[in-house]
Amino acid sequence: MSDPTSPPLRIGILLPTREQAITGSYAAAPLLDFARRAEELGFDSLWAGDSLTARPRLDPLVVLSAAGAVTSRVTLGTAALTPALRHPLIGANMISSLDHVCGSRLVLGLGSGFPMPETEEEFASVGASFEGRVGRLDEITALWRTAWRAGEPGAPTAHDGTHWQADRLDRLPRPHRPGGPPLWLAGSDTPRVLRRVARLYDGWLPFLPSAEAYGTARRRLAGLVEEAGRPADAVTPGLYATITVGRDPRAAEAELEHYITHYYGRSLQQMATIQAYAWGTPEHCAEWLASYVRAGARHLVLRVGSLDPEPQLKDIAEIVLPAVRALG
C-alpha cells in the first residue's frame, strides 16, 4: 500500500560539468543543450555538482542560472553545493538571485565536504577551516534562512553565531520563494546525519550502496522526524545514484570503471562500497533503482557514469524512467 504522506516520485539527471572538465572542455553551450534535451525527454529535475580545486568544474550556481533561462518546467538543484567555499552572505545573495532567475524552481543539496585530502586542500585554498565543518554548515544554513526571512514583519534581522555574526540582513535581496529554497543535506545514514536531517533540513540526499540499507535508514529518519515534532512529509527522501546503461553489461561495466577511475582516481570496486552504482541493460538499471523507490526514495538524482553521457540520455528517459515509475 502506498504511503499517503509520500510526495510523487521524481527523477532528475546530473548535468555533466565535471565530465567536461575531465575531458578538457568548459563550454557552456553543450550543458545548455543537455538541459533543454533533458526537459524535453521528461526528466523532473536538473542538478549540478560543486568543487573548486578538489574536482574542478564550472560553478553550479552560474550553470543552473543559465539552465534556468533555457528551461521552464524542471526543478534545478545542487548535488551537492559546499557552502563553506563561499562567504555566507555572498552565498545567500547568489542563491536569492538564482531563485529569481528560475522562478522558485530551486532546491539546494548541501554538503559539508567529503573527508579526503583533496577536499581538505580545497578548504585551505579559500581560507576555510576543514575542522568543525559540519557545525559550520548547519550555522551557514541558519544564517541563510534568517537572511531570507529578514524582511518579513517581526522577523530577526541579525545572526549571532559561533562562527559568523551579521546584522542588517534585511538589506539583502529576498529569494523569489518566500523563506528561500528547500535545503537538503547530502550525507550518509549515520545516526548523527539522520538526526541533523530530521531537525534542520527539508530533504535527505544519500548515495547508499544498497536498497536494504536505504530502507533501514529511511524508516529511522521517519521516526526522528516525528520525534522532532515535524510533519511526516517535512523531509523529502532523495537518492544520488550513478548508472551506466548499455545492452552489453560487460561493456557498460568497463565504461563505468573508466569513468570512476578518471573521476575519483579510485576503482569502481573501491567506490561501490560507499556509493550507489548500477550498470547494464536499461531494464536491469530500472529494477535496481525501483528497489530504492520501494524502500522509500522519492526523488532520484541520476548521474550517468560516462565521460560522454548524452548518448545514454534517450535510453534512460524512454526506458528507465517509465519502468522505475511502474516497478516502484
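Numbering of residues begins at 1 and proceeds along the displayed sequence. None of these values were measured; they are calculated from a predicted model.
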Any side-chain heavy atom of [X] sitting closer than 4.5 Å to one from [Y]?
X: V134; Y: R192; value: yes
X: E257; Y: S267; value: yes
X: R168; Y: D170; value: yes
X: I316; Y: V304; value: yes
X: L14; Y: Y240; value: yes
X: R136; Y: S129; value: yes
X: L205; Y: V301; value: yes
X: L64; Y: C102; value: no

Verify the neighbour count for atom CD of Q165: are there more than 12 heavy atoms of other residues, nucleotides or ligands below 6.0 Å?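 More than 12 within 6.0 Å, yes.
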With a cut-off of 6.0 Å (strictly less than), are more than 12 heavy atoms of other residues, nucleotides or ligands near CD of E226?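 At most 12 heavy atoms, drawn from other residues, nucleotides or ligands, come within 6.0 Å of this atom.
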Apply side chain to side chain contact (heavy atoms under 4.5 Å, CB included) to A27 and list each qualifying residue two or more places apart in sequence or on a separate chain.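 Per chain and number, A27 pairs via side chain to side chain contact (heavy atoms under 4.5 Å, CB included) with S25, P30.
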Would you find a donor on one side and an acceptor on the other, under 3.5 Å apart, between the side chain of [X] and the backbone of [Y]?
X: D202; Y: L183; result: yes
X: W288; Y: I243; result: no
X: E39; Y: V74; result: yes
X: H100; Y: I95; result: no
X: R18; Y: P56; result: yes
X: H262; Y: H258; result: yes
X: D99; Y: H176; result: yes

Looking only at the aromatic ring of each residue, does the gap between the centers of W47 and W184 stay below 6.0 angstrom?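 So the answer is yes for these two rings.
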Under 4.0 Å between a side-chain nitrogen and a carboxylate oxygen: does that hold for D44 and R325?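 Result for this pair is yes, salt bridge flagged.
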Looking only at non-hydrogen atoms, find the nearest pair between V293 and G328 and report the distance.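 Scanning both residues completely, I find the closest heavy atoms to be CG1-CA, 3.8 Å.
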Closest non-hydrogen atom pair, L137 against R196: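 Minimum heavy-atom contact is CD2-NH2, 3.8 Å.
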Which of these, L302, I11, L327, L321, sits in a side chain to side chain contact (heavy atoms under 4.5 Å, CB included) with L289?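 For L289, the side chain to side chain contact (heavy atoms under 4.5 Å, CB included) check succeeds only for L302.
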Test Y201 against every option in V193, T236, D138 by the side chain to side chain contact (heavy atoms under 4.5 Å, CB included) rule and name the one that passes.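 It is D138, the one option of V193, T236, D138 that forms the side chain to side chain contact (heavy atoms under 4.5 Å, CB included) with Y201.
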Hey, mind stepping through W164 and I140 against side chain to side chain contact (heavy atoms under 4.5 Å, CB included) and telling me if it holds? CA-CA 8 Å; W164 289 280; I140 290 172; 3.6 Å; yes
Dump the intermediate steps for salt bridge (Lys or Arg N to Asp or Glu O under 4.0 Å) on R73 and E40, then the final yes or no. CA-CA 10 Å; R73 175 187 59 80; E40 291 169 358; over 6 Å; no
Check the pair V126, L52 against side chain to side chain contact (heavy atoms under 4.5 Å, CB included), reporting the backbone distance first and the verdict last. CA-CA 9 Å; V126 297; L52 188 62; 3.4 Å; yes
In one Ile/Leu/Val/Met/Phe/Trp/Tyr side-chain cluster, 4.5 Å: [X], [Y]:
X: L200; Y: W204; answer: yes
X: M94; Y: L172; answer: yes
X: L110; Y: L221; answer: yes
X: L239; Y: V225; answer: yes
X: F207; Y: L185; answer: no

Rounded to the nearest 0.5 Å, how far apart are [atom1] of [X] and [atom2] of [Y]?
X: R133; Y: F114; atom1: CZ; atom2: CZ; result: 10.0 Å
X: F34; Y: L41; atom1: CZ; atom2: CG; result: 9.5 Å
X: L46; Y: I13; atom1: CG; atom2: CD1; result: 8.5 Å
X: Q270; Y: T261; atom1: CD; atom2: OG1; result: 10.5 Å
X: L224; Y: R230; atom1: CG; atom2: CZ; result: 11.5 Å
X: L98; Y: L108; atom1: CG; atom2: CG; result: 7.5 Å

Tell me yes or no: between the side chains of [X] and [Y], is some donor less than 3.5 Å from an acceptor?
X: Y259; Y: D308; value: no
X: T71; Y: R105; value: yes
X: S51; Y: E122; value: yes
X: H159; Y: E139; value: yes
X: E212; Y: Y214; value: no
X: S45; Y: R10; value: no

Establish, yes or no, whether the cationic atom of R303 lies under 6.0 Å from the six-membered ring centre of Y263 and within 45° of the ring axis.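 Yes, R303 sits over the ring of Y263.
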For a side chain to side chain contact (heavy atoms under 4.5 Å, CB included) check, start with the C-alpha distance between T53 and E121, then their side-chain angles and the critical distance, and finish with the verdict. CA-CA 8 Å; T53 61; E121 293 169 2; 5.6 Å; no
What's the verdict on side-chain hydrogen bond (donor to acceptor under 3.5 Å, both in side chains) for E255 and S306, showing C-alpha distance, side-chain angles and the deciding distance? CA-CA 6 Å; E255 184 174 10; S306 171; 2.6 Å; yes
Side chain to side chain contact (heavy atoms under 4.5 Å, CB included) between L89 and L143, intermediate numbers included: CA-CA 8 Å; L89 294 187; L143 188 155; 3.7 Å; yes
Pairs in or reaching into residues 81-97: which pass side-chain hydrogen bond (donor to acceptor under 3.5 Å, both in side chains), with residues at least two apart or in two chains?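 As it turns out, the side-chain hydrogen bond (donor to acceptor under 3.5 Å, both in side chains) pairs with a partner in residues 81-97, which skip direct neighbours, are D50-R86, D59-R86, S96-W148.
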